[in-house]
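Below you'll find the structure, written out as structure tokens, and then a few comments.
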Amino acid sequence: MPIGVFDSGLGGLTILRVLRRAMPNQSFLYYGDTANAPYGDKSREEVQRLTRAAVERMFEQGCDLVILACNTASALALRDLQDSLPRSQKRRVLGVFVPMIEALSGARWVRTPQSKGQAPAGRRRILFFATPATVASGAFQEELHKRLHDAEAISEPAPELVSALERGDHAAARASVTAACARALGRSSETPDAAVLGCTHYPLAFDDFRACLPAETELLSQPDIAAASLARYLERHPEFEDTQGELRCLTTGDPVMFGELATLFYRQPLRFEAA
Ligand code: DGL
């Protein structure tokens, strides 16, 4: 029984790569909605409709657990999907924000916390970089404040970054990162304690973000956080585990073209099938 990993396109392969390295015996089904990407400038309704269609397809393919690796889908569609899943069903859909907030706070919430916590000293001022739709949704701040009432988040979109990274245009990617960091730092009255890259594509520009942010600002890696969080989830829910170590990759776009492009994100070739 594979665990589903969903992304709007190929960016989620940065997460899949780390998941597979951390859990080599676990089977995964990757689904990239490349025909409809990017999601980062779509409306909430559109992202909900597309994400629901993809998750249903992954359920049909045998996944009982689906991870929305896509931050935009996690921000705009996760709650809607979770609310519509009958509690009696074994199927689960998880997003990527709660693991990031757990990593920021050093605490773990198995369920929604009853009381609000305090951000640890040194993790109070947080920069959050994401797509325009994710930033506009306010979902990260909402989840953050539910759990850490005194944390202060400055969210900044990097509008051209996803397309620059997909084109492999390093100069444009660097320019987008430089501009987003300058805007975010300009809005922060003090040196930020931590920065989160809230988009599956952004790990490809990790070094550029690192170079543009103060050395005191800790830069968190979403793929590592997602992998650690899934490993803990599987300890509590061994019913979702398997030991086949298989991988299938589906795309709504051209399997040959996206199989070749995937190397950029996965660092080795992958064979894609039509979704
Ligand atoms: N995968 C999306 C995310 O993590 C970004 C790419 C897109 O705009 O579709 O937010």
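Order of appearance sets the numbers: ligands from 1, and atoms from 1 within every ligand. By convention here, the first residue in the shown sequence is residue 1.
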inquiry  = List the residues meeting side chain to side chain donor-acceptor pair (under 3.5 Å) with D254, not counting sequence neighbours, and say none if there are none.
reply    = none

task = Not counting sequence neighbours, which residues clear ring pair (Phe, Tyr, Trp, His ring centres under 6.0 Å) with Y30? List them please.
result = none

ask   = Regarding E241 and N25, is there a side-chain donor-to-acceptor distance under 3.5 Å anywhere?
value = no

request  = Decide whether V256 and L10 are clustered together by the hydrophobic rule: side chain heavy atoms of Ile, Leu, Val, Met, Phe, Trp, Tyr closer than 4.5 Å, transitively.
outcome  = no

query = With T191, which residues qualify under side chain to side chain donor-acceptor pair (under 3.5 Å), at least two apart?
reply = none

inquiry  = Residue by residue, ordered by chain and number, which ones reach under 4.0 Å of ligand 1 with a heavy atom?
reply    = D7, S8, P38, Y39, G40, C70, N71, T72, T131, V162, C199, T200, H201

ask   = Is the closest side-chain donor-acceptor distance between T72 and T134 under 3.5 Å?
value = yes

